[in-house]
Every structure is written in structure tokens, then in C-alpha cells.
Amino acid sequence: MRSWQPPQRFSLDFWLAVDADHPTLLEVAFERDDGGTLLTLTHGGWTSGNVAERARFSDWPVLLERFAAHVRTG
């Protein structure tokens, strides 16, 4: 875990499908929004050691939309 700031945000090294020696950075932030919570996910930390793997992460929009649909109904 790189950062832990409850209840606002956290970040961590993310090495799914990338070389563990060159992890990316996954940041999650929460903020109040009209009686609910706005969740912002940022996937960054791309370096010359891991940028070739970036194309593997093109499914984030689909995955996040599914997550949002589940949360709205749950």
C-alpha cells in the first residue's frame, strides 16, 4: 500500500499482468456527492518498464460500468 488516508483515498502498487519489478499505480478516491459517494479510480504509474503492457488494460470502462450497475442496484 502506498497511501492510506481514510475515508478519502488509498493507493497501491498494481502488478496484475505487468512485471512485478515495474508495477503501475492504482488510486481510489471517495468523496460525498448528493447523498451518495463518488468513487474515482485512476490507473497510472506507467513507466518505460511497463508501458508496453498498457494495452492489456483497455477493459476498465466495461468493468467499471458493471461495478456501477451492481452498486446502484445493491
Side-chain angles (χ1 to χ4, degrees):
M1 180 118 9
R2 286 194 188 183
S3 171
W4 177 250
Q5 301 164 351
Q8 290 88 17
R9 66 179 55 246
F10 72 92
S11 65
L12 52 91
D13 287 335
F14 189 73
W15 53 87
L16 179 65
V18 299
D19 184 337
D21 291 333
H22 302 283
T24 57
L25 176 65
L26 191 63
E27 296 179 285
V28 181
F30 306 89
E31 68 181 271
R32 292 181 183 178
D33 183 54
D34 294 327
T37 302
L38 176 65
L39 183 144
T40 303
L41 183 135
T42 306
H43 187 189
W46 300 101
T47 67
S48 60
N50 63 27
V51 75
E53 306 299 330
R54 188 171 185 168
R56 291 184 176 185
F57 294 96
S58 62
D59 289 337
W60 276 122
V62 173
L63 296 171
L64 293 174
E65 182 55 38
R66 288 181 184 173
F67 174 75
H70 175 75
V71 171
R72 282 191 291 260
T73 61

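This is a predicted model, so every value here is computed, not measured.
- Heavy-atom contacts from other residues, nucleotides or ligands closer than 6.0 Å to CZ of R2 number more than 12.
- Atoms CG and CG, from L12 and L25 in turn, are 7.5 Å apart once rounded to the nearest 0.5 Å.
- Identified under the salt bridge (charged side-chain N to carboxylate O under 4.0 Å, His left out) test for residues 16-35, with sequence neighbours left out: none.
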Table please: side-chain donor-acceptor pairs of residues 37-52 below 3.5 Å, with sequence neighbours left out.
| residue | atom | partner | partner atom | Å |
| --- | --- | --- | --- | --- |
| H43 | ND1 | W60 | NE1 | 2.8 |
| H43 | NE2 | T24 | OG1 | 2.8 |
| T47 | OG1 | G49 | N | 3.2 |
| N50 | OD1 | T47 | N | 2.7 |
| N50 | ND2 | H22 | O | 2.9 |
| N50 | ND2 | P23 | O | 3.2 |
| N50 | ND2 | G45 | O | 3.4 |

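- Hydrophobic clustering keeps L64 apart from V62 (ILVMFWY residues linked when any side-chain heavy atoms are closer than 4.5 Å, directly or through intermediates).
- Rounded to the nearest 0.5 angstrom, Q8 CD and F30 CZ are separated by 10.5 Å.
- Contact record, A17 with R56: O-NH1, 3.1 Å, taken as the closest heavy-atom pair.
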